[in-house]
Amino acid sequence: MKRQHKIAILKYTTKNFWLLVIPLVRGLIAVGFDVYNWVRGAYLDIIVIALIILLAVVRWYFVTYEIRETCIRVQSGMLLKSSFEVPYKAISSVSAKRLLWLRPTKAVSIAIDSDSHSVYNKPGKADIELTVSFKDYTELFNKIPTESTNAKITYHASKWNLMLFSFVFSSTLSGVILIGTVLIQGGKIIGGELNERFISAVNGMTEVMQKIVNGLTPAAAALTVVMFFGWLLSFISNLLRHINFRIQRCGENIFVENGFFSKWKYYINISRVNCADLRQNLLMKICRVMSVHVSCTGYGKSKNEIPVFVPVTTRKRVISSMRMTLPNFTISNISIRPRKLSMMTYIWLPLLLATVIPVSGAVILHIFPSWSGTIEFLTLMAEIPATYMLIVKIAAKFTSGIGADGDTITLKYCKMFHFHTIIVPKNRIVYMRISRTIFQQMGKSCDIWVYTKGERASRHRVRGVDIEAAEAFCREI
């Protein structure tokens with residue numbers, strides 16, 4: 001049995017460990033490396049940090065693992081011993097991260113997952129998470145494939161496709177949250193200097209925007225600048241995360257590699273892929289481009305990961321690459337579409353929002369007339385996504401549907417702002433059900449729900465289809 005790489009000791013420290021260490025180091029520098037006076041003034045903090053490190057070392061020491069010929073085994077516990085074993089044939093995916101700051105130590109973080117719920121790790125985590133040496137990481141990836149073959153099929157994503165993918169799937173909210181986290185945690189460590197510089201930069205950009213756009217209030221300009229910074233940070237993060245994207249298929253095994261500074265590598269068992277998701281937004285649909293995501297337990301499970309299989313490219317190239325990497329996932333013809341009278345099923349929510357937002361803005365403006373510029377700006381910013389969603393849902397009414405062909409079924413539907421074409425092998429379907437709202441019971445429409453396998457069953461919904469056609473389709477499947 002082996003122990004994890006020693007760098008894993010840091011993983012077992014508390015979440016805010018660095019918030020204690022860095023001020024201590026600053027204090028040591030401030031007293032001119034006078035250790036005696038430094039210890040006298042900060043001995044309680046030093047004792048707390050020593051106890052945290054000691055506890056982390058103990059936890060690290062009592063976690064061992066063994067890479068066997070047919071499985072990987074992990075043991076843990078000091079007083080109560082536990083042993084957990086995962087056969088390679090039961091593995092759905094393995095992810096390996098060689099983070100930039102870990103690469104000099106030749107340490108690799110790996111996460112091993114299967115379709116079962118983890119009894120070794122916390123719910124929502126991978127079945128096994130370890131930090132191992134580069135040698136053990138290589139050994140594991142050489143043993144997990146379900147079969148050995150010399151035939152290899154490789155797909156490389158172009159830099160243009162990766163830039164387009166990063167542009168489409170970058171989130172302003174996630175970028176703003178990241179900025180806020182950096183400012184809060186950075187402020188705790190180095191004081192208010194980081195916050196002051198950020199605010200100064202925002203103020204400078206705000207002045208520039210006010211000159212460009214006459215009549216824009218300082219608050220509105222500052223909000224726009226922060227949102228732009230958030231999206232830009234998310235875009236750069238996604239681009240660096242997915243650059244050098246490559247997929248290689250060897251028999252029933254798929255290996256995905258990407259990353260620029262930090263390197264990621266994934267193993268995916270094709271037989272454990274639950275469904276393929278051809279994803280588009282409205283602009284992508286108009287331009288006839290799409291990306292392919294897959295549902296496979298463990299792939300894209302970690303924070304800020306996207307389970308992408310083919311970055312944004314044309315439909316023709318998507319179909320071609322899927323034939324190489326996922327030959328059993330073929331798109332079926334859509335045989336059941338929403339009824340002509342089911343439009344309100346799709347548009348009632350965005351229509352309500354698009355009506356309520358300007359009315360609410362007018363009421364608030366009447367109460368607080370001195371804030372007219374800010375209120376009008378915020379009302380406009382809220383009305384844009386509501387109107388956009390209304391357009392998306394109208395398009396969804398005419399593009400949704402469900403069909404079956406051979407061993408797969410295909411569902412087309414819209415969720416929030418994204419259009420999904422879901423390809424599901426019939427043997428990965430858990431169950432199907434039909435639901436009807438009070439209004440649908442007055443007519444002859446219903447919703448079809450399809451639940452697919454996985455650690456947690458995923459559900460897919462096609463709205464407003466004919467009840468008789470839906471019942472016949474479910475009986476056939």
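In this text, all values refer to a predicted model and were calculated from it rather than measured experimentally.
- Residues that satisfy the side chain to side chain contact (heavy atoms under 4.5 Å, CB included) test with Tyr388, not counting sequence neighbours, are Asn281, Leu282, Val392, Phe417.
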Query - Asp407 vs Asn427, side-chain contact (heavy atoms from CB on, under 4.5 Å): CA-CA, chis, key distance, verdict - result: CA-CA 8 Å; Asp407 296 327; Asn427 62 359; over 6 Å; no
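- Using a distance-only test at 3.5 Å, with no hydrogens or angles considered, no donor-acceptor pair links the side chain of Lys143 to the main chain of Glu139.
- Minimum interatomic distance between Thr452 and Val430 (heavy atoms only, all atoms of both residues): C-CG2, 3.5 Å.
- If you check the side chains of Tyr88 and Arg68, you find no donor sitting under 3.5 Å from an acceptor.
- Side-chain contact check for Arg73 and Ser83: at least one donor-acceptor pair (N or O, by modelled atom type) lies under 3.5 Å.
- Side chains of His242 and Asn258: a donor-acceptor N/O pair is absent below 3.5 angstrom, by distance only.
- Heavy-atom neighbours of Met1 CE from other residues, nucleotides or ligands within 6.0 Å: above the threshold of 12.
- By the ring-ring contact (aromatic ring centres under 6.0 Å, His included) test, His5 pairs with no residue at all, sequence neighbours left out.
- Going from atom CD of Gln248 over to atom OG1 of Thr154 covers 4.0 Å, rounded to the nearest 0.5 Å.
- Annotation: ring-ring contact (aromatic ring centres under 6.0 Å, His included) contacts of Phe141 (sequence neighbours excluded): Tyr137.
- By the side chain to side chain contact (heavy atoms under 4.5 Å, CB included) test, Ile47 is found to be paired with Tyr43, Leu51, residues two or more places apart in sequence or in another chain being considered.
- When the ring-ring contact (aromatic ring centres under 6.0 Å, His included) test is applied to Phe260, no partner is found at least two apart in sequence or on another chain.
- The heavy-atom pair separating Cys414 from Phe419 by the smallest distance is CB-CD2, 4.2 Å.
- When only modelled atom types and interatomic distance are considered, Asp113 and Ser92 share no side-chain donor-acceptor pair under 3.5 Å.
- Although no hydrogens or angles enter the test, the distance criterion places no donor-acceptor pair under 3.5 Å between the side chain of Asp136 and the main chain of Val132.
- A donor-acceptor contact closer than 3.5 angstrom links the side chains of Gln4 and Tyr12.
- A salt bridge links Asp115 and Arg272; the closest N-O separation between the charged side-chain nitrogens and carboxylate oxygens is under 4.0 Å.
- Applying the ring-ring contact (aromatic ring centres under 6.0 Å, His included) test to Phe255 and every residue at least two apart in sequence or in another chain returns Tyr267.
- The backbone N or O of Thr330 lies less than 3.5 Å from a partner atom in the side chain of Thr408, making a donor-acceptor pair.
- For the pair Lys2 and Glu66, the salt-bridge criterion is not met [side-chain N within less than 4.0 Å of a carboxylate O].
- Residues meeting the side chain to side chain donor-acceptor pair (under 3.5 Å) test with Ser93, sequence neighbours left out: none.
- By the side chain to side chain contact (heavy atoms under 4.5 Å, CB included) test, Glu257 pairs with Arg246, Lys265, sequence neighbours left out.
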Requested in this report: Determine, stepwise, if the pair Asp277 / Thr421 fulfils side-chain contact (heavy atoms from CB on, under 4.5 Å).
Outcome: CA-CA 6 Å; Asp277 180 3; Thr421 299; 5.8 Å; no
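- Here ring pair (Phe, Tyr, Trp, His ring centres under 6.0 Å) pairs that include residues 272-300, with residues two or more places apart or in two chains, are Phe169-His293, Tyr266-Tyr299.
- Taking each heavy atom of Arg463 and Arg461 in turn, the nearest pair found is NH2-NH1, 3.2 Å.
- The environment of Met163 atom CE is sparse: at most 12 non-hydrogen atoms of other residues, nucleotides or ligands sit within 6.0 angstrom.
- Pairs of residues two or more places apart, or lying in two chains, that qualify as side-chain hydrogen bond (donor to acceptor under 3.5 Å, both in side chains) and include a residue from residues 409-419 are Ser332-Thr410, Tyr413-His460.
- Ser320 places no side-chain N or O within 3.5 Å of a backbone atom of Lys316 that could act as its donor or acceptor partner.
- A donor-acceptor pair shorter than 3.5 Å can be found between the side chains of Ser114 and Asp127.
- Among Leu55, Val57, Ile52, the one residue that satisfies the side-chain contact (heavy atoms from CB on, under 4.5 Å) test with Thr13 is Ile52.
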Requested in this report: Would you please test Ile402 and Ile334 for side-chain contact (heavy atoms from CB on, under 4.5 Å) and show each step?
Outcome: CA-CA 5 Å; Ile402 187 170; Ile334 300 302; 5.6 Å; no
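- Ion pairing between Glu129 and Lys11 fails under the 4.0 Å rule for side-chain N and carboxylate O.
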List, one per line, each side-chain donor-acceptor pair under 3.5 Å for residues 94-107, sequence neighbours excluded.
unit_1	atom_1	unit_2	atom_2	d
Arg103	NH1	Phe261	O	2.5
Thr105	OG1	Leu102	O	2.6
Thr105	OG1	Ala107	N	3.4

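- Dense packing is recorded around CZ of Phe62, with more than 12 heavy atoms of other residues, nucleotides or ligands lying under 6.0 Å away.
- A search for salt bridge (charged side-chain N to carboxylate O under 4.0 Å, His left out) contacts involving Glu476 returns nothing, not counting sequence neighbours.
- Under a 3.5 Å cut-off, the side chain of Asp447 and the backbone N or O of Ser435 do not form any donor-acceptor pair.
- Asn274 pairs with exactly one of Ser295, Ser458, Pro425 by the side-chain contact (heavy atoms from CB on, under 4.5 Å) rule, that one being Ser295.
- For the pair Arg433 and Tyr451, the NZ or CZ position fails the cation-pi test of under 6.0 Å to the six-membered ring centre and within 45 degrees of the ring normal.
- Closest non-hydrogen pair, Arg249 versus Gly251, comes out as NE-O, 3.0 Å.
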